[in-house]
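Structure record follows, encoded as structure tokens.
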Amino acid sequence: MKISHLLLAALLCGSAAPVATAAAVPVEAVKKAAPIARIDPTFWWVGMKNPKLQLLVHGPGIADSKVALAAYPGVTMDGFQRLESPNYLLVNLTIGPDAKPGKLKLSFDGKSKTKYEYELRARETGKGRVQGVNSSDFIYFLMPDRFANGDTKNDIIKTERARTIARDSMYARHGGDLKGIEQHFDYLKSMGVTAIWPTPVVENDMPKASYHGYALTDYYQVDPRYGTNEEYRQFVRNAHQNGLKVIHDVVLNHVGSHNYLFLDQPAKDWFNRWPTFTRSNYNSQALNDPYGSKRDLDLYNRGWFDTTMPDVNQSNPLVATYIIQNFLWWLEYTGLDSYRIDTYPYSDPQFLMAWNKALLDEYPQLGMFGEAWVGSTAQQAFFAQNIFQPVDGFKSNLPGVLDFQSQGAIWDALKEKGNVGKLYDALQGDWMYQDATRNVVFMDNHDMSRVYSVIGESLPRLKMGFAWLLTTRGIPQLYYGTEILMKNFSNPDGLVRADFPGGWKEDKRSAFTQAGRTAQENEAYEYVRTLGTYRKAHPVLQTGKLMQFIPQDNIYTYFRYDDQGNTVMVMLNGNEGEKSVDLTRFAERLNGYSAASDIMTGTTVSDLKAVKVPGYTALVWELKK
């Protein structure tokens with residue numbers, strides 16, 4: 001998520017003056033019908049590695065109550081805690097290893113007596129749950145609201161603040177949903193895609209610009225315009241049955257200003273506060289600047305991302321536990337495979353280490369990668385597992401990050417008269433990571449201009465980008481529609497978040513089909529399909545080693561190879577005209593091979609001493625002995 005989008009979204013929201021003090025917090029009336037409005041987590045499981053469970057009980061005047069737990073084998077109540085708000089209680093439980101599934105009977109004795117049955121479920125043990133993501137995967141990144149509308153019945157939900165569908169408005173809801181994605185699993189699989197990353201699917205009940213999902217209003221509910229919780233759970237199962245993993249996009253740093261925890265705050269220190277509204281300085285260098293000021297650090301970590309996105313105080317251990325439990329809950333409830341963490345560096349550093357550890361302790365195979373949109377490879381590596389010494393007690397334990405450094409490099413390489421040497425430079429810094437293959441590589445996303453527009457709508461140069469994306473190290477991610485030449489610039493961002501053609505019944509054409517695509521769109525799609533399916537079938541492009549050679553004459557050459565003798569050579573010619581290349585320079589990797597097969601054309605290459613590379617072309621050769 002980037003700053004310009006959020007600023008514009010705030011203006012469109014027409015938000016009131018930012019909140020600074022408890023007295024200024026708007027409070028919506030809690031429904032009086034139920035003494036207990038809700039308990040988070042909504043249910044839990046027996047057999048979790050961490051036996052501790054913190055229940056946040058919300059209800060009008062519930063803090064006056066004394067809490068008791070009826071005898072239940074294996075479960076003990078460690079006590080309850082009142083918060084500043086009269087509408088909250090914390091109940092602390094220990095779920096022992098011998099506890100069985102069932103209903104815990106909690107009684108709340110205050111001005112009125114209330115009983116509540118809290119469910120403990122059995123954990124699912126089936127194969128294929130929480131598989132993680134790794135360099136064998138190919139991620140397709142999409143916005144559910146803009147991809148396909150599979151269920152028109154959930155387009156308008158009368159209880160939500162935004163109650164209209166307006167496909168001609170870039171900031172309104174368009175109606176896409178989980179069912180729409182499911183209906184096009186075959187399209188994704190046709191390109192060799194193995195993992196789906198939707199923008200956040202949790203409830204975003206904001207009055208304006210809620211379609212993007214990054215201002216969550218309920219930690220425990222799927223947005224009803226996408227489907228129900230159970231439908232999301234089934235979505236994950238169906239994806240797994242189709243050989244597709246699911247990546248759950250999450251926001252740790254902030255929530256939407258209509259989140260119930262902000263409208264009726266448990267305590268003043270649940271969110272970060274300032275005497276007057278204060279934005280983040282958006283500069284992560286404050287975290288590890290040896291000469292930095294405390295003010296700059298506070299502004300970065302505790303300043304708000306936007307007026308409509310309250311900054312969560314993760315240094316409060318009660319808040320930290322609430323958030324950690326929520327993301328354990330989604331994992332166990334759905335069996336999803338990975339988390340992508342939005343605005344990762346903005347969160348409290350100590351909390352980030354605790355969050356990662358708690359999740360990986362429970363699910364060691366879980367995939368995780370964070371958005372660290374920073375200005376250098378060193379700064380990017382700081383937020384992933386790396387070789388650095390701790391800085392102020394922070395030593396990142398995040399497996400991987402979105403690789404914005406290589407993304408910037410591919411733009412530089414593909415622009416007219418670009419410099420392919422930037423790609424070499426981007427990977428040269430991989431020595432700073434524990435394992436750079438866990439990074440996610442990409443050419444564009446929902447927060448930036450589409451790559452096809454950036455490079456002047458040049459299909460030859462875009463095909464070079466596809467070749468790089470699907471053969472370089474790391475986990476490739478394709479933004480929806482790039483394969484069919486969707487274009488535009490991110491000013492404003494809504495322009496790069498257009499509907500996928502054919503995702504709605506009323507669309508005049510469907511780019512999901514060959515007949516619905518133009519000749520150029522089919523050429524781009526076929527390039528991705530050919531190379532994506534090849535990558536899926538050839539582990540050398542997934543887990544093979546990489547050797548790159550210093551670019552010469554604006555030609556970048558690298559090899560993917562393994563110990564079994566499988567080798568793929570990739571050569572990118574960043575020049576407008578044809579270039580002759582002496583291949584003897586690459587003898588280190590070519591020795592022992594007598595021929596090659598061009599993966600994209602299927603032709604056989606019998607001369608490995610020299611080659612003529614057309615302008616703006618990528619050669620992708622499988623070497624033969």
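Keep in mind that the numbers below use all heavy atoms, side chains included, and drop hydrogens, waters and symmetry copies.
- With L402 as the fixed residue, the side-chain contact (heavy atoms from CB on, under 4.5 Å) test singles out one of I475, V441, V440: V440.
- At a threshold of 4.5 Å between non-hydrogen side-chain atoms, the residues I139 and L478 do not count as touching.
- Using a 3.5 Å distance cut-off with no hydrogens or angles, the side chains of Q350 and D348 do not pair a donor with an acceptor.
- Atoms CD1 and CG, on I181 and N149 in that order, are 11.0 Å from each other to the nearest 0.5 Å.
- Judged as a side-chain contact (heavy atoms from CB on, under 4.5 Å), and not counting sequence neighbours, the contacts of I323 are Y219, L252, V312, Q314, V319, F327, F351, W355.
- Counting non-hydrogen atoms of other residues, nucleotides and ligands closer than 6.0 Å to CG of N242 gives a total above 12.
- Other residues, nucleotides and ligands place no more than 12 heavy atoms under 6.0 Å from the NZ atom of K179.
- Aromatic ring centres of Y333 and Y232: separated by at least 6.0 Å.
- Side-chain contact between D444 and Y452: absent, with no pair of heavy atoms (C-beta onward) separated by less than 4.5 Å.
- By the side chain to side chain donor-acceptor pair (under 3.5 Å) test, N50 is found to be paired with no residue, residues two or more places apart in sequence or in another chain being considered.
- Taking the six-membered ring for Trp and the full ring otherwise, Y187 and Y480 have centroids separated by 6.0 Å or more.
- The salt bridge (Lys or Arg N to Asp or Glu O under 4.0 Å) test applied to R450 returns no partner, not counting sequence neighbours.
- Looking at N316 and D269, their side chains do bring a donor and an acceptor atom within 3.5 Å of each other.
- At a cut-off of 3.5 Å, with distance as the only test, a side-chain donor of Y211 or R497 sits close to an acceptor on the other residue.
- Every residue meeting the side-chain contact (heavy atoms from CB on, under 4.5 Å) condition with P266, not counting sequence neighbours, appears here in chain and number order: L83, Y88, L261, W270.
- By the ring-ring contact (aromatic ring centres under 6.0 Å, His included) test, F271 is found to be paired with F262, residues two or more places apart in sequence or in another chain being considered.
- Residues F141 and T482 fail the side-chain proximity criterion, which asks for heavy atoms closer than 4.5 Å.
- You'll find the side chain of R438 stays beyond 4.5 Å of the side chain of Y433, heavy atoms only.
- The closest side-chain donor-acceptor pair between R340 and H248, if any, does not fall under 3.5 angstrom.
- For the residue pair Y300 and Q285, no side-chain donor N or O sits within less than 3.5 Å of a side-chain acceptor on the partner.
- Residues that satisfy the ring-ring contact (aromatic ring centres under 6.0 Å, His included) test with H184, not counting sequence neighbours, are F512.
- At a cut-off of 3.5 Å, with distance as the only test, no side-chain donor of N204 or D223 sits close to an acceptor on the other residue.
- A donor-acceptor contact closer than 3.5 angstrom is absent between the side chains of Q407 and D403.
- Of the N and O atoms on the side chains of H58 and D40, not one donor lies less than 3.5 Å from an acceptor on the other residue.
- Aromatic rings of Y214 and H446 (six-membered ring for Trp) have centroids within the 6.0 Å cut-off, being under it.
- H254 and D311 are not linked by any side-chain donor-acceptor pair at a separation below 3.5 angstrom, with hydrogens and angles left out of the test.
- Contact of the W304 side chain with the M309 side chain is not registered, since no non-hydrogen atoms from C-beta on lie closer than 4.5 Å.
- S338 meets the side-chain contact (heavy atoms from CB on, under 4.5 Å) test with V133, I247, F369; sequence neighbours excluded.
- For the residue pair T194 and D137, a side-chain donor N or O sits within less than 3.5 Å of a side-chain acceptor on the partner.
- Under the side-chain contact (heavy atoms from CB on, under 4.5 Å) criterion, Q54 pairs with L90, N92, L318, T321, Y322, Q325, not counting sequence neighbours.
- F305 and Y346 have their aromatic ring centers within a separation under 6.0 angstrom.
- Proximity of a side-chain donor or acceptor of Q265 to a complementary backbone N or O of S85 within less than 3.5 Å is not detected.
- Shown here for L360 and L366, the closest heavy-atom pair between the two residues is CD2-O, 3.8 Å.
- In this structure, P501 and I484 approach most closely via the heavy-atom pair CD-CD1, 3.9 Å.
- Cation-pi geometry between R302 and W274 is satisfied (NZ or CZ under 6.0 Å from the ring centre, within 45° of the ring normal).
- Donor-acceptor pairing under 3.5 Å is lacking for the side chains of R173 and T164.
- Taken to the nearest 0.5 Å, the OH atom of Y282 stands 11.0 Å off from the OG1 atom of T343.
- Evaluation of the ring-ring contact (aromatic ring centres under 6.0 Å, His included) rule for F489 yields no partner, not counting sequence neighbours.
- In terms of the side chain to side chain donor-acceptor pair (under 3.5 Å) criterion, residue partners of S136 (sequence neighbours excluded) are, by chain and number, N134.
- Remark: E203 CD to Y220 OH distance equals 14.5 Å, nearest 0.5 Å.
- Remark: D298 engages K294 in a salt bridge (Lys or Arg N to Asp or Glu O under 4.0 Å) (not counting sequence neighbours).
- Proximity of I157 to R163: side-chain heavy atoms (C-beta onward) are nowhere separated by under 4.5 Å.
- In this structure, K487 places its NZ atom where only 12 or fewer heavy-atom neighbours from other residues, nucleotides or ligands lie under 6.0 Å away.
- In this structure, the ring-ring contact (aromatic ring centres under 6.0 Å, His included) partners of F185, at least two apart in sequence or on a different chain, are F235.
- Ring to ring, W329 and F43 are close: their centroids are under 6.0 angstrom apart.
- For R121 and E119, the salt-bridge test passes: some basic side-chain N is under 4.0 Å from an acidic carboxylate O.
- Proximity of a side-chain donor or acceptor of T278 to a complementary backbone N or O of T276 within less than 3.5 Å is detected.
- Taken from CZ in R233 to CG in L336, the straight-line distance is 12.0 Å, to the nearest 0.5 Å.
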